[in-house]
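Predicted model only: the values in this text are computed from it and were never measured.
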Amino acid sequence: LKQVFNKDKTFRPKRKFEPGTQRFELHKRAQASLNSGVDLKAAVQLPSGEDQNDWVAVHVVDFFNRINLIYGTICEFCTERTCPVMSGGPKYEYRWQDDVKYKKPTALPAPQYMNLLMDWIEVQINNEDIFPTSVGKCKEEVL
């Protein structure tokens, strides 16, 4: 289990929301609804009075964190030798292109592809132009 959480491998620390911000409150609301056994469609509906971009951003970051944990548990079993191709079964092969190092779609072993993908997603999530974190303090709830 220690290897799963080795930062030099593929595991990345969980992204967190700043306590007291609107996104932190949305994150708490999303977690509560998903953990309560509520209808999934209702759980992801935009809460009344909330900004759609903030709501989507919270779910994107939560999804990234969950996928990161899942991948972290299987990455030691999927090596360049055991997973030489990033595929979705026998009919689909995924190729990496980033227009920097890989200018054309390039076949890569699954672990290398996943590392590049997770790094790319993390850069997107950390990009303030795409996911601004300064949405302000959350509104006080009126009792």
Side-chain angles (χ1 to χ4, degrees), residues 1-80 82-89 92-143:
L1 189 61
K2 190 175 183 179
Q3 283 184 326
V4 170
F5 298 105
N6 181 349
K7 287 174 76 174
D8 294 331
K9 286 202 161 232
T10 56
F11 179 77
R12 288 156 180 78
K14 199 173 186 181
R15 293 268 311 171
K16 297 194 175 164
F17 299 100
E18 191 68 34
T21 64
Q22 184 69 24
R23 287 218 179 135
F24 179 77
E25 293 304 314
L26 288 172
H27 169 71
K28 287 190 337 189
R29 186 183 291 178
Q31 291 296 38
S33 63
L34 289 174
N35 293 333
S36 68
V38 172
D39 173 37
L40 187 57
K41 186 175 180 179
V44 297
Q45 283 184 329
L46 178 66
S48 177
E50 298 299 343
D51 180 75
Q52 182 176 5
N53 291 329
D54 288 338
W55 187 241
V56 169
V58 164
H59 286 285
V60 166
V61 172
D62 281 345
F63 185 72
F64 173 73
N65 288 336
R66 290 170 196 260
I67 292 298
N68 191 32
L69 281 172
I70 291 168
Y71 181 62
T73 62
I74 64 166
C75 67
E76 69 181 275
F77 303 106
C78 183
T79 65
E80 290 190 13
T82 60
C83 303
V85 175
M86 182 64 189
S87 68
Y92 301 98
E93 179 179 324
Y94 297 97
R95 295 179 176 213
W96 186 259
Q97 178 179 358
D98 58 16
D99 295 326
V100 179
K101 184 176 178 184
Y102 300 92
K103 300 204 185 284
K104 294 181 179 180
T106 306
L108 297 171
Q112 188 178 353
Y113 182 98
M114 287 301 300
N115 285 333
L116 290 167
L117 178 62
M118 298 302 274
D119 287 345
W120 181 85
I121 294 169
E122 195 165 24
V123 166
Q124 305 311 303
I125 289 173
N126 290 329
N127 182 338
E128 285 284 326
D129 293 332
I130 300 171
F131 291 96
T133 55
S134 57
V135 254
K137 299 288 180 185
C138 72
K139 299 173 238 170
E140 291 289 317
E141 288 188 20
V142 179
L143 299 176

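- For Q124, there are no side-chain hydrogen bond (donor to acceptor under 3.5 Å, both in side chains) partners, not counting sequence neighbours.
- Heavy atoms only, all atoms of each residue included: I125 and V61 are closest at CG2-CG2, 3.8 Å.
- Applying the side chain to side chain contact (heavy atoms under 4.5 Å, CB included) criterion to Q97, with sequence neighbours excluded, gives D99, P105.
- From M114, atom CE reaches atom OH of Y71 across 5.5 Å, with rounding to the nearest 0.5 Å.
- Here N115 contributes atom CG and W120 contributes atom CH2; the two are 15.5 Å apart, rounded to the nearest 0.5 Å.
- One distance of note links CD1 of I121 with CZ of F64; it measures 6.0 Å at 0.5 Å rounding.
- Listed by chain and residue number, nothing satisfies the side-chain hydrogen bond (donor to acceptor under 3.5 Å, both in side chains) test with S87 (two or more places apart in sequence, or in another chain).
- Ring planes of Y94 and Y113: tilted class, angle from 30 to 60°.
- Minimum interatomic distance between A107 and E93 (heavy atoms only, all atoms of both residues): CB-OE2, 3.2 Å.
- In plain terms, the two heavy atoms of Q52 and L46 that are nearest each other are CA-CD1, 3.8 Å.
- Residue I70 holds its CD1 atom at 8.5 Å from CD1 of I74, rounded to the nearest 0.5 Å.
- The two residues C78 and P111 have their closest heavy-atom pair at O-CG, 3.0 Å.
- Counting heavy atoms from C-beta on, the side chains of Q45 and W55 never come closer than 4.5 Å.
- In this structure, the side chain of N127 does not engage the main chain of V123 through any donor-acceptor pair within 3.5 Å.
- Counting heavy atoms of neighbouring residues, nucleotides and ligands inside a 6.0 Å radius, atom OH of Y102 exceeds 12 of them.
- Rounded to the nearest 0.5 angstrom, N68 CG and T73 OG1 are separated by 10.0 Å.
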